[in-house]
Amino acid sequence: MADQRQVATSESQVLVALGKAVGPTTPKKATAWFFWLVGMYIMLAARAPVTITDEMNKAYMNIMDEAQDQIALRKPLLAKIHSIDAEIYTHTGGIPFTWRFDAEKHKAVSDLSNQREKTMQEIRAINVEIDAIESNAKSKLGIWSSAGVDEVRNKFWEKIDAGKRFAKRQTLWDAFISILTQRRDEEAFSFVVRWIFTIAFNFTIGFFLTLVNFMFTVIFVIRSFQPSLISGILFYAVALLGAASVVAGYLMLTVGIAGGGVYVAYKTVSANSRLEGRRQNRYRLGNVDHLHDD
């Protein structure tokens, strides 16, 4: 009982120390928590400050109608690309380099590749025109409208999903490497703790890359709406605050889960050790009593 009370006291002391370390106990920490909550609200729940009116939507649709002509011009070019790719596959059989040793196939593939590149140049030129038209149309709505806010949010969650996929792939790769290099004498506790920290590290890197990727991607989204310089910088700062807050929330959750996993593993190992110690004590006492009886 005394040991249990001592363990409970030490655990409560750890929780108190942790609360003092990360809680809003100082003005700087309170400010950090305030901005974190504001950023979470911005990214998760805040409504767009500009409502799209019927006039704005009509102006947007009128400009986007111009893009339909360019899209119509692009369709036959895309079909031509598919046809060229099919012809190239016919000559190469999908096997790289071997066709280079056949003069007839080499010439045919080279000619088709040149045709493909010329067609792609036409498609890229049309895409530039379409992007310019879409950007002009978006400018009628504004980056602060629901269209701008939703597009930025969608980009952010795409990056979050990409970060998660990176972490999962890296964890699978680490698992494969671990199977080849695992020591047979490794204890269960150290194995569990090592994997907890490995998974936490992979997700931390994934979320960090998410934030860095979003920092650059959102610039192109903002530019596509053609805001003024001040409006664009202000929106970028707000979007970055929201993204950083969500990523910080994911990181805190990751650290919390990792810490909880280590704690559970430690408690399990400690409980098993105590049970094993009691069995050994009972075994010794039983042997002693048996010797006394003899």
Side-chain angles (χ1 to χ4, degrees), residues 35-82 119-166 207-250:
F35 278 109
W36 178 71
L37 292 173
V38 169
M40 292 289 287
Y41 172 75
I42 289 172
M43 187 57 72
L44 299 178
R47 294 183 177 179
V50 175
T51 302
I52 297 177
T53 63
D54 293 337
E55 291 78 10
M56 294 166 62
N57 189 57
K58 184 177 180 180
Y60 171 81
M61 295 303 298
N62 288 337
I63 296 175
M64 285 300 297
D65 287 340
E66 301 176 12
Q68 297 302 318
D69 297 333
Q70 299 295 326
I71 293 174
L73 292 174
R74 188 177 60 181
K75 285 183 178 180
L77 295 176
L78 292 174
K80 186 177 180 180
I81 289 291
H82 291 307
T119 306
M120 284 302 303
Q121 289 179 359
E122 296 180 40
I123 292 175
R124 283 192 286 267
I126 292 175
N127 287 338
V128 170
E129 292 292 331
I130 293 175
D131 290 341
I133 294 172
E134 289 181 349
S135 177
N136 190 25
K138 288 180 180 179
S139 68
K140 302 303 179 182
L141 304 178
I143 189 62
W144 295 96
S145 67
S146 56
V149 172
D150 290 344
E151 185 169 345
V152 169
R153 280 177 174 159
N154 291 336
K155 283 291 181 183
F156 174 73
W157 292 116
E158 287 177 8
K159 302 305 177 185
I160 284 288
D161 291 338
K164 291 178 181 178
R165 289 194 298 270
F166 167 83
F207 291 135
F208 176 75
L209 293 177
T210 292
L211 183 59
V212 173
N213 199 346
F214 178 76
M215 287 172 60
F216 294 98
T217 302
V218 72
I219 294 175
F220 297 99
V221 177
I222 294 173
R223 288 181 59 186
S224 68
F225 282 83
Q226 303 180 16
S228 64
L229 179 61
I230 295 177
S231 179
I233 293 175
L234 181 59
F235 187 92
Y236 180 77
V238 172
L240 198 58
L241 174 62
S245 297
V246 173
V247 170
Y250 271 113

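Starting from 1, each residue takes its place in the sequence as its number. No experiment lies behind these values; they were computed from the predicted model shown.
- Once rounded to the nearest 0.5 Å, the distance linking CD1 of Ile123 with CG of Leu73 reads 11.5 Å.
- Looking only at side-chain heavy atoms (C-beta outward), Met56 and Val50 come within less than 4.5 Å of each other.
- The two residues Lys159 and Thr210 make their nearest non-hydrogen contact at O-OG1, 3.0 Å.
- For the 3.5 Å distance criterion, the side chains of Asn213 and Thr217 qualify, holding a donor opposite an acceptor.
- Separation of atoms CD (Glu122) and CG (Leu78) is listed at 11.0 Å; rounding is to 0.5 Å.
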- Applying side chain to side chain contact (heavy atoms under 4.5 Å, CB included), run through Trp157 and Val246 and close with a yes or a no. CA-CA 10 Å; Trp157 292 116; Val246 173; 4.0 Å; yes

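- Between the Ser145 side chain and the Gly142 main chain, a donor and an acceptor come within less than 3.5 Å of each other.
- To the nearest 0.5 Å, the span separating CD1 on Ile126 from CD on Glu129 amounts to 9.0 Å.
- Counting heavy atoms from C-beta outward, Lys140 and Asn62 have side chains that stay 4.5 Å or more apart.
- A distance-only check finds no donor-acceptor pair linking the side chain of Ser135 to the backbone of Ala132 [under 3.5 Å].
- Put simply, the side chain of Phe235 does not reach to within 4.5 Å of the side chain of Val221, judged on heavy atoms.
- Shortest non-hydrogen contact noted between Ala48 and Val149 is CB-CG2, 3.8 Å.
- In this structure, the side chains of Glu134 and Asp131 come closer than 4.5 Å at one or more pairs of heavy atoms.
- Using the six-membered ring where Trp is involved, Tyr250 and Phe207 have ring planes that are parallel, under 30° apart on the 30 and 60° scheme.
- Taking OH of Tyr60 as the start and CG of Asn136 as the end, the distance is 11.5 Å to the nearest 0.5 Å.
- Counting heavy atoms from C-beta on, the side chains of Gln121 and Arg124 come closer than 4.5 Å.
- Taking the side chain as every heavy atom from C-beta outward, Leu240 and Val218 never approach each other to under 4.5 Å.
- Separating the CZ atom in Phe225 from the CG atom in Leu141 is a distance of 6.5 Å, to the nearest 0.5 Å.
- Smallest separation of non-hydrogen atoms from Ser245 and Gly39: OG-CA, 3.2 Å.
- Atom CE of Met40 and atom CG of Leu37 lie 8.0 Å apart (nearest 0.5 Å).
- The shortest side-chain heavy-atom distance between Glu151 and Asn154 does not fall under the 4.5 Å cut-off.
- Considering all non-hydrogen atoms of both residues, Met43 and Ala243 come closest at CE-N, 3.5 Å.
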